[in-house]
Q: 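Here you go, one structure.
A quick note: this is a predicted structure, and the numbers were derived from the prediction, not measured. Each chain gets a letter, A, B and so on, in the order its sequence line appears, and its residues count up from 1.
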Amino acid sequence: MSKLVFYNSLTRQKEEFRSINPGEVRLYTCGPTVHDYAHIGNYRAYIFEDLLRRTLTFFGYQVKQVLNITDIDDKTIKKSREQGLSLKSYTDTFTKSFFDDLKTLRIEPAEVYPAATEHIPEMIDLIQKLIDKEHTYTADGSVYFKISTFPDYGKLSNIQPDQLISSARGDSDEYEKEDVRDFALWKAWTEDDGDVFWEAPFGKGRPGWHIECSAMATKYLGTHFDIHTGGVDNKFPHHENEIAQSICGYGGPFVDTWLHCAHLMVNGEKMAKSLGNFYTLREILDAGFSPRVIRYFLLSAHYRQQLNLMYDPETGSHDSFNAAASALERIDEFKAKLADMKQHSAAGDLISRKTIELLDHSRIAFKDALANDLDISGALGVVFGMIKEANKRIASGELSNMDAQAVYERLLRWDEVLGVLEPDQTDEIDAASIEALIAERNQARADKNFARSDEIRDQLLADGIIIQDTPQGTKWRKK
RNA sequence: GGCGGCGUAGCCAAGUGGACUAAGGCGGAGGUCUGCAAAACCUCUAUUCACCGGUUCGAAUCCGGUCGCCGCCUCCA
């Protein structure tokens, strides 16, 4: 059996994965701050963690995943107040849209979706532990974590703490920190916070950003768990701070494996509102691209590789989605062909030795690719390699109906990881009437009434049905 | 300035020193099938891995340098 290997950001090398408890993986994924509709780049990260969780499941692990919802921070407070809404009613909209989007992209649900505002007591508890252990100080009612009390600080991001002093930029003096490296655990209430505050032993206020992940991860996964994922941008400071809080507060060890996903680029540039290349998932769906195509595109490159989306609605350029759509069509065609063939296989038919060899070889290669730090490109290469070889055998008549069934089953098994296949046609399509039209068309063709036959073809196409004339008769499928 | 990543065909993208005479997808060119087909299928499409040195019996893969691109460096996945 292939051994799972991941590139651990903490050690900066590939390591064989061993779960803490045999057969079980506890996984924490940094979730969204629900202050707006999530953009396409956000979903690259969630497609990545989806591939991770599906792969872990594929390798036989029981996965317990926690994905947090950050429903309180500077932005959510500011925007909700601007709109005159309560924090909750403001964030609810985007929390809901986030879940809708996950479903749209076929991202498997996590086991727990904790919201920050529902875990304030846990955070207060952790902050109190840190205060008791003297890792903090208070200034103007805010509680700060004192980085100098944690010698390992900077290990994840490979940053020397003293480098930060000179390089820190921006409004680092916004708060009364003793040291720019320090970060807020608890922010004292100000007028701008309006009615958003909680009472804590150390004062009225709200939690800092980093504390929620430590508190919630620990609540649901324990103080020591297997994998923590997030975007590269979270490495520093967020994850660095999370490690510091957790280890100092609960005692180590904390997380064994840290996985970070690279960013999605748009036309070679970082996606940013200021560059005008910022797209929400909704916008792209509205532009007519299917969730499957978007999923395939986001999935198709290795997670540590920056993925470049070539897309510009102004000029009508959408090369990336075109390529993804064409690749999917190729898979769809192949699957439809197999589905048709397998219907004609009879019980007692045997799978040919050549097919068994092809399937065995492909099965191992696919698994090896995934085992190698989620090498999805390699895995897709295996899928298309099998398609190519099987197509060749179909064309030469070498592939029996029974063989086709075996290949079909292999494809479905793989799709448990990929999640890109079109579900089998449902009965909502009126198959009988389509068959009737096809019969009529074939009669027209036999009568050389091509005007009528083409008219039927166009009509079916308009209804989303594609038909193809093959040596085995006319086939149809949903577009 | 500090830390890190990347540069493989027109485009996207695998490649974990030796069967690489370098996967796979898109695009392109031929062909098969068809009444026709925009479909489908088949075949072809990098003597070469940014450049220069080095290590090695052997390097796209390791080391050094040069050039170019990108990311992170306090609340952005």
Q: Scan side-chain atoms only and decide if A:N267 and A:Y311 contain a donor-acceptor pair under the 3.5 Å cut-off.
A: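 Judged by distance alone, the side chains do not pair up.
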Q: Measure from the side chain of A:D73, starting at C-beta and using heavy atoms only, and say which of B:G15, B:C36, B:C75 lies closest.
A: B:C75
Q: Side chain of A:M265 only, heavy atoms from C-beta on: which candidate in B:A40, B:G71, B:C12 is closest?
A: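 Given the options B:A40, B:G71, B:C12, the side chain of A:M265 is closest to B:G71.
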Q: Starting the side chain at C-beta, find the nucleotide from B:A37, B:C75, B:C3 nearest to A:N158.
A: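 Minimum distance to the A:N158 side chain belongs to B:C3.
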Q: Please report the distance separating the P of B:U48 from the corresponding atom of B:U8, rounded so that it comes out in whole Å.
A: 16 Å
Q: Could you go through the side chain to side chain contact (heavy atoms under 4.5 Å, CB included) check for A:I40 and A:F278 one step at a time?
A: CA-CA 8 Å; A:I40 183 79; A:F278 189 94; over 6 Å; no
Q: Under 3.5 Å, is there a donor-acceptor pair linking the side chains of A:H35 and A:T76?
A: no
Q: Which nucleotide in the set B:A77, B:C26, B:C11 lies at the smallest distance from any side-chain heavy atom of A:S326?
A: B:C26
Q: If the P atom of B:G58 is compared with that of B:U45, how far apart are they to the nearest Å?
A: 29 Å
Q: So if I take every side-chain heavy atom of A:S377 and compare against B:C41, B:C36, B:A14, which nucleotide ends up nearest?
A: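 Output: B:A14.
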Q: Should B:C44 form a Watson-Crick or G-U wobble pair with both distances under 3.5 Å, which nucleotide is its partner?
A: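 Base partner found: B:G28.
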Q: Of the nucleotides B:U74, B:A13, B:G35, which one has an atom closest to the side chain of A:P237?
A: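 From the listed options, B:U74 comes nearest.
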Q: Could you tell me whether A:K367 sits above the aromatic face of A:F59, with NZ or CZ closer than 6.0 angstrom to the six-membered ring centre and within 45 degrees of the axis?
A: yes
Q: To the nearest angstrom, how far is A:R330 atom CZ from B:C41 atom C1'?
A: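 Whole-Å distance recorded here is 9 Å.
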Q: Who does B:G1 pair with, Watson-Crick or G-U, both distances under 3.5 Å?
A: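 Matched B:G1 with B:C73 under the 3.5 Å cut-off.
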Q: Considering only the C1' atoms, how many Å lie between B:C62 and B:C49, rounded to the nearest integer?
A: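 My reading of the C1' atoms in B:C62 and B:C49 gives 16 Å.
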Q: From the set B:C26, B:A40, B:C6, return the single nucleotide nearest to any side-chain atom of A:E329.
A: B:A40
Q: Taking 4.0 Å as the cut-off, does a side-chain nitrogen or oxygen of A:R441 come that near to OP1 or OP2 on B:U34?
A: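 Negative; the distance criterion is not met.
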Q: Can you check the A:F183 CZ to B:U74 C1' distance for me, whole Å?
A: 10 Å
Q: Where the side chain of A:D458 is defined as all heavy atoms beyond and including C-beta, which of B:A77, B:A38, B:G35 is the nearest nucleotide?
A: B:A38
Q: Ring-plane angle category for A:W414 and A:F366, please: parallel below 30°, perpendicular beyond 60°, tilted otherwise.
A: parallel
Q: For B:C72 and A:K270 - does any side-chain N or O of the residue sit under 4.0 Å from the phosphate oxygens OP1/OP2?
A: yes
Q: When you measure from the side chain of A:N391, which nucleotide among B:C42, B:C26, B:A14 comes out closest?
A: B:C42
Q: Report the distance from atom CZ of A:R445 to atom P of B:C36, rounded to the nearest whole Å.
A: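 Those two atoms, CZ and P, are 10 Å apart.
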Q: Please pick, from B:A77, B:U43, B:C36, the nucleotide with the shortest atom-to-atom distance to any side-chain atom of A:M271.
A: B:A77
Q: Could you say whether the aromatic ring of A:F384 and the base of B:G25 stack, counting only centre distances under 5.5 Å and plane angles under 30°?
A: no
Q: Donor-acceptor pair, A:D50 side chain versus A:E108 backbone, under 3.5 Å?
A: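 The answer is yes, because a donor-acceptor pair under 3.5 Å joins these two groups.
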